[in-house]
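First up is the structure itself, then whatever we jot down about it.
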Number of protein chains: 2
Amino acid sequence: MPDTSAKDELKKSSSRRLAPDARAQQILEGAISYFAEYGFDGGTRALAAHLGISQALLFRYFPNKAALVDRVYEVVFLNRWNPEWKVLLMQRDLPLAARLASFYKDYNRSIDRFEVIRISLFSALRHESISQRYVARLREQLIAPIVAECRAFVGLPPPEILPLHALEEQLVLGLHATVIYGIMRKHVFHAAPPTEPDFMIELQVDGFIQHAKEAFRRVHAHAASGSERIVNRKAESIS
Amino acid sequence: MPDTSAKDELKKSSSRRLAPDARAQQILEGAISYFAEYGFDGGTRALAAHLGISQALLFRYFPNKAALVDRVYEVVFLNRWNPEWKVLLMQRDLPLAARLASFYKDYNRSIDRFEVIRISLFSALRHESISQRYVARLREQLIAPIVAECRAFVGLPPPEILPLHALEEQLVLGLHATVIYGIMRKHVFHAAPPTEPDFMIELQVDGFIQHAKEAFRRVHAHAASGSERIVNRKAESIS
DNA sequence: TTTTCTAATTATCGAATGATGATTAAGGGA
DNA sequence: TCCCTTAATCATCATTCGATAATTAGAAAA
């Protein structure tokens, strides 16, 4: 009778005495899962229990809790960015509607995960700088290029000639919002989760494109007669 | 020489020995402001300092921290609902576009506040039941009626004859998302805040209405050929 | 098998948390 | 003016927090 059973189930679950790299990786992934559920105020003891290890062990692999949280941020924010998105969006030999649909399908696939959306929100609510850097990159690398492509599509001058207007950004962000808000409904509000995301994205993109010409012209008419012109301005107004 | 100065500045700031009702109200408002900024894991000592009172005083007006948090929830969620919204949305003597624009302008005005949007998010991330009840009411009282009005607008059967389909909800939630996400950008992500909300709402509503006929027909065609039909289904799929 | 290295746990620290009496003092009524 | 009610604070409790040092024990090398 060979000695199987008891040894194997220990090995697969936590298997004490892991190689340091494997243990660090396991802690990091457990922290992502745990902090996504309970937020960054969740305790290190509960996290350790979640991992099936002692609380002190966390501090042998990360100097303190903040360092662990920072690593979580890095994985969630930085590892999830695809530089090809911008390239795809600017490929003018493809119809704009096809580019937008293709991009948002992939973007949706990339961020439609419990951990990603919730950790993004937790960190944004904490005013973490990495969150604001992500938002800035989103704006510069994706939203602004889309606005530029829309300009070309509807027959308006490029950004080099006519600076981008904040209202144009908001118009594009309206399309962006349909994707993001759907993911939030699913993972944060636990309300009627989106089904058939690809079909809905195609539908929303078609609506956006069909309305784009009129919408951009109205925005420019409004801007010409109205108040502020250039895109940058400070946030914050508490009341 | 009359004794002015020192007495006045004490009176205006915190003026010790308030009437109990006034003090309770002051604590509640301070708690809303404080928890909106720091989340519900913020400490009672820091909250008391924020109010200029001793920490122990909080517990003479609220039996424990959870009770105070519950009162905050009530104020933020329940006091912010206008039953007239549903009435307005179903007023068929007005054009649908006008009803939607009017509703979303008012809805936006009502929830575009730092405290409201952030406390909503904090509580939703905690899976608080009051948050889920709010989402259910939003869906039943606003989204479903809007879908029904769109049905009438595009010439499809009413919900009594043909049950609402989840994809129709998602279509309407796409419009809803443009408003909500704008508010989140402003108060959570601190990115390019929305300007001229009324103008943008008119624009988004017009785009939605112009596309509605085609969109609803495509949704119904897709549903007829596709898989699931009825609106309810369970959420949750972590990976 | 025995030895050796080090991954992991146990025990514990000081600081901060929510919460509870004991004490002080503000301010209207006599 | 004094008194008496009670709003408010002070001092302190038991827990829980992040973090550290001492100890144990697992697996490869000898």
Side-chain angles (χ1 to χ4, degrees), chain A residues 3-31 34-35 37-73 122 126, chain B residues 3-31 34-35 37-73 122 126:
Chain A
D3 52 340
T4 46
S5 67
K7 209 153 60 178
D8 293 337
E9 56 186 305
L10 273 182
K11 193 188 296 180
K12 83 153 173 258
S13 71
S14 105
S15 83
R16 300 172 48 134
R17 208 175 173 85
L18 283 186
D21 287 358
R23 182 65 84 188
Q25 181 67 19
Q26 182 212 27
I27 290 176
L28 184 54
E29 287 172 8
Y34 175 80
F35 288 137
E37 177 64 50
Y38 299 104
F40 295 108
D41 291 311
T44 54
R45 278 163 230 272
L47 166 57
H50 178 78
L51 282 159
I53 64 177
S54 69
Q55 180 243 7
L57 190 58
L58 296 172
F59 295 92
R60 293 190 60 84
Y61 286 88
F62 298 89
N64 49 48
K65 185 181 175 180
L68 175 55
V69 169
D70 282 344
R71 288 285 297 124
V72 169
Y73 285 151
F122 279 123
R126 282 192 163 194
Chain B
D3 53 340
T4 48
S5 67
K7 208 151 62 177
D8 292 338
E9 57 186 305
L10 274 182
K11 193 186 298 179
K12 82 153 175 260
S13 72
S14 106
S15 84
R16 301 173 49 135
R17 210 176 172 82
L18 283 188
D21 287 357
R23 183 65 83 190
Q25 181 66 18
Q26 182 213 25
I27 290 176
L28 184 54
E29 287 173 7
Y34 175 79
F35 288 136
E37 176 64 49
Y38 299 103
F40 294 108
D41 292 310
T44 54
R45 279 162 230 273
L47 166 57
H50 177 78
L51 282 159
I53 64 177
S54 70
Q55 180 244 4
L57 190 59
L58 296 173
F59 294 91
R60 293 190 58 83
Y61 286 89
F62 298 89
N64 48 50
K65 186 181 176 181
L68 175 56
V69 169
D70 281 345
R71 289 283 298 125
V72 168
Y73 284 151
F122 278 123
R126 282 190 162 198

Handout entry: Whichever of B:Tyr61 and A:Phe40 has its nearest DNA chain D nucleotide further upstream toward 5'
Key = B:Tyr61
Exercise for the section: Rounded off to whole Å, could you give me the CG-to-C1' distance for the A:Leu18 and C:dA7 pair? Expected result: 9 Å
Fill in the blank from the handout: Rounded to whole Å, the CG-C1' distance (B:Asp21 to D:dA7) equals 13 Å
Completion exercise
B:Phe59 atom CZ is separated from D:dT12 atom P, nearest whole Å, by 19 Å
Practice task
Report yes if the distance between the aromatic ring centroids of A:Tyr73 and A:Phe35 is under 6.0 Å, otherwise no.
Solution key: no
Completion exercise
Atom CG of B:Leu58 and atom C1' of D:dT9 are separated, to the nearest Å, by 12 Å
Fill in the blank from the handout: Whole-Å distance, A:Leu68 CG to D:dA19 P, equals 10 Å
Practice task
Please state how far atom CG in B:Leu57 lies from atom P in C:dT20, giving the value in whole angstrom units.
Solution key: 14 Å
Practice task
May I ask you to evaluate whether A:Arg23 reaches the phosphate of C:dA8, defined as a side-chain N or O under 4.0 Å from OP1 or OP2?
Solution key: yes
Handout entry: Listed nucleotide nearest any side-chain atom of A:Ala56, set C:dT9, D:dG18, C:dT20
Key = C:dT9
Exercise for the section: Give me the ring orientation class for B:His50 and B:Tyr34: parallel if the planes are under 30° apart, tilted from 30 to 60°, perpendicular past 60°. Expected result: tilted
Handout entry: B:Arg45 vs C:dA16: side-chain N/O to OP1/OP2 distance below 4.0 Å
Key = no
Exercise for the section: Go through the steps to decide whether B:Arg126 and B:Asp41 satisfy the test side-chain contact (heavy atoms from CB on, under 4.5 Å), and finish with yes or no. Expected result: CA-CA 11 Å; B:Arg126 282 190 162 198; B:Asp41 292 310; 3.2 Å; yes
Practice task
Return yes if the base of D:dT6 and the side-chain atoms of B:Arg17 contain a donor-acceptor N/O pair under 3.5 Å, otherwise no.
Solution key: yes
Completion exercise
Separation of C:dT24 atom C1' from B:Arg60 atom CZ, nearest Å, is 12 Å
Handout entry: Value in whole Å for how far the P atom of C:dC5 lies from CZ of A:Arg16
Key = 21 Å
Problem - Between CZ on residue A:Arg23 and CG on residue A:Leu28, distance to nearest 0.5 Å - result: 13.5 Å
Completion exercise
Against the side chain of A:Thr44, the closest entry in C:dA19, D:dG18, C:dA8 is D:dG18
Problem - Cationic N near anionic O, under 4.0 Å, B:Lys65 to B:Asp70 - result: no
